[in-house]
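In listed order, ligands and their atoms are each counted from 1. The basis for the numbers below is simple: all heavy atoms, side chains too, and nothing from hydrogens, waters or symmetry mates.
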Amino acid sequence: MHSYADRAKLAHLFAEEVKLFEANHSKSKDLHERAMGPLMGGVPMSWMAKWPGPHPVYVASAKGSRFRDVDGIEYVDFCLGDTGAMVGHSPDASIKAIAAQLEKGITFMLPTEDAAIVGKTLADRFGLPKWQFTLTATDANRHILRYARHVTGRNKIVVHDYCYHGTVDETFAVLDDQGNTISRENNIGPQVDPSETTIVVPFNDLTAAEIAFATGEVAAMLIEPAMTNIGIVLPESGYLEGLRDLCTKYGVILIHDETHTLSEGPGGMTARRKLSPDAIVMGKTIGAGIPAGAFGMSDNLTNRVQESLHLEHIDVGGVGGTLAGNALSMAAIRATLLEVLTPAAFQKMEALCDVWTADVQRLIDKYGAPWQVSQLGCRAEYSFRAEAPKNGREAADADDFELQQYLHLHALNRGILMTPFHNMALMSPAHTAEDVQRHTQHFEQALESLFA
Ligand SMILES: Cc1ncc(COP(=O)(O)O)c(C=O)c1O
């Protein structure tokens with residue numbers, strides 16, 4: 001059952017927005033028609049097809065909180081490359097460091113001075129002492145899961161129902177109605193049935209986690225400390241601490257994927273909530289968009305890994321990558337962490353997100369929409385249900401693709417970019433009160449069109 005019942009009205013409203021979009025995007029349309037020849041679906045990667053409207057808008061340039069498309073329209077960007085550009089587009093300090101490194105060499109399979117500085121910065125911020133670098137958060141997740149299986153000698157992992165951790169094979173699993181782990185709908189070409197590699201448990205359910213751990217088969221539990229990829233699902237009081245205790249009791253390695261939850265501050269949810277995982281993963285924005293991922297480990301885990309690695313075979317063990325930790329990535333991360341993603345920047349981003357969230361909730365209340373909004377630092381998202389979801393299944397059940405497409409196209413037609421997979425807004429250090437105001441105006445108009 002959809003939270004918005006008048007589907008005929010919704011279809012009509014959407015059709016009107018499509019007309020408006022088409023009238024204003026002739027150059028994007030031309031480029032898209034050209035791209036349909038050599039590119040599958042007309043896009044360089046299939047995800048880029050998931051935009052509202054008949055085709056994507058083509059970007060001409062971007063800076064800070066805004067970008068301009070090839071038709072000359074300027075947008076406030078709340079999508080920010082789905083977190084890849086959470087630092088804002090092309091921040092000056094990162095660009096300066098990246099340009100300087102480009103002149104000095106890009107990749108060597110040898111470290112530069114930046115590596116130790118970046119490692120120390122992450123250690124200070126997140127509280128884990130040892131770090132390794134990859135090109136993406138997906139790779140960081142894959143590698144830490146391999147290490148976890150390697151040192152525990154166990155072969156399964158536990159993840160949350162409706163989690164997302166990148167294109168990591170073992171994580172494309174959900175629970176069926178009977179509580180069995182099954183392949184996620186539309187899981188493309190899995191090499192084995194995910195129930196062979198994975199046990200799925202609901203978020204906020206310590207009993208289910210303990211039952212999974214008690215099988216003795218579990219090497220690691222990979223979590224986002226708050227779910228952010230099926231809307232925002234916040235942890236109930238004591239849940240994260242309870243998981244920590246259970247992982248210790250059963251010898252399970254606890255991994256926090258902070259790729260998105262970094263929105264809570266310079267040390268993510270881990271530092272802000274004084275949590276103590278065995279490992280932490282991140283990526284996306286830490287290099288300002290230059291490909292970069294990282295994982296940190298406790299001393300204990302590091303020692304267990306190092307004792308069992310054989311130097312002679314280190315390049316063929318399944319952990320690594322030719323370009324991982326390259327000089328350009330490290331220069332980008334150093335400048336981005338130290339000069340852009342500063343504690344002061346996080347304060348500003350969160351304060352602005354407080355305003356975005358309060359405005360959205362006020363308007364939801366004003367128009368009596370059966371929706372709610374949740375916030376996680378500088379990230380906020382509304383969902384089509386009246387109460388905040390407790391787990392991934394509750395959040396997934398509230399999905400309404402057509403309603404989301406309408407709201408996103410309505411936003412786009414008024415100079416606002418929302419994330420295609422979410423009703424989510426992210427604030428960068430470059431966002432302003434005026435940017436938030438633009439969203440508030442669009443949101444009020446959209447609610448009026450639906451509910452007035
Ligand atoms: C929590 C989380 N972890 C990992 C990833 C993977 O990031 P990437 O696609 O950059 O490898 C994502 C991507 O959305 C994510 O949301």
Side-chain angles (χ1 to χ4, degrees), residues 43-48 50 78-87 126 132-146 148 157-174 184 186-188 198 200 203 220-235 240 254-264 268-270 275 277 279-296 319-321 323-326 329 332-333 336 374 376-381 392 395-396 418-426:
V43 284
M45 217 281 295
S46 56
W47 284 9
M48 288 189 202
K50 199 175 176 183
F78 289 111
C79 165
L80 295 172
D82 192 13
T83 312
M86 191 179 92
V87 291
F126 287 87
Q132 294 281 275
F133 294 88
T134 59
L135 289 183
T136 63
T138 296
D139 274 348
N141 276 324
R142 285 197 188 116
H143 294 349
I144 192 67
L145 289 177
R146 269 188 179 260
I157 67 159
V158 173
V159 293
H160 285 128
D161 198 20
Y162 287 95
C163 69
Y164 186 77
H165 295 281
T167 51
V168 179
D169 292 302
E170 302 93 310
T171 61
F172 287 95
V174 287
R184 191 166 182 163
N186 292 323
N187 185 6
I188 301 166
T198 307
V200 176
F203 196 76
M221 179 156 186
L222 173 62
I223 66 166
E224 282 193 284
M227 298 186 80
T228 66
N229 282 295
I230 188 78
I232 291 176
V233 185
L234 297 171
L240 298 171
L254 179 61
I255 306 163
H256 282 185
D257 180 347
E258 291 263 22
T259 306
H260 279 181
T261 51
L262 181 62
S263 61
E264 266 216 348
M269 286 180 75
T270 300
L275 302 169
I280 294 178
V281 164
M282 69 194 71
K284 293 204 181 187
T285 205
I286 58 172
I290 294 292
F295 59 98
V319 170
L323 297 175
N326 70 73
S329 297
I333 306 176
T336 303
S374 297
L376 194 69
C378 69
R379 170 187 301 273
E381 176 152 2
M418 299 293 284
T419 313
F421 318 128
H422 307 271
N423 298 313
M424 183 271 284
L426 260 182

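Those atoms of ligand 1 with a heavy atom of E224 less than 4.0 angstrom away are 1 (C). Residue G166 has at least one heavy-atom neighbour below 4.0 Å for each of these atoms of ligand 1: 4 (C), 5 (C), 6 (C), 12 (C). Listed by atom number, the atoms of ligand 1 under 4.0 Å from T136 heavy atoms are 11 (O).
With hydrogens and angles ignored, the 3.5 Å screen pairs a side-chain donor or acceptor of S263 with a backbone N or O of L376. Checking side-chain atoms of R142 against main-chain N and O of V319 turns up no donor-acceptor pair under 3.5 Å. Of the possible polar contacts, one joining the H143 side chain to the G320 backbone as a donor-acceptor pair under 3.5 Å is found. S329 places no side-chain N or O within donor-acceptor distance of the main-chain N or O of G325, the cut-off being under 3.5 Å.
Of the N and O atoms on the side chains of T261 and E264, not one donor lies less than 3.5 Å from an acceptor on the other residue.
Checking only distances, D139 never comes within under 3.5 Å of ligand 1, N or O to N or O. Taking only nitrogen or oxygen atoms, main chain and side chain alike, W47 does not reach within less than 3.5 Å of ligand 1.
The closest side-chain heavy-atom distance from P277 to T270 is below 4.5 Å. With contacts defined as side-chain heavy-atom distances shorter than 4.5 Å, the pair M282/F126 qualifies.
Residue T138 touches ligand 1 through backbone and side chain together, judged by heavy-atom distances below 4.0 Å.
Of all protein heavy atoms, the one lying nearest to atom 3 (N) of ligand 1 is D257 OD2, 2.6 Å. For atom 12 (C) of ligand 1, the nearest non-hydrogen atom of the protein is K284 CE, 3.7 Å.
For the residues D82, N229, L135, T259, the heavy atom positioned nearest atom 16 (O) of ligand 1 is part of N229.
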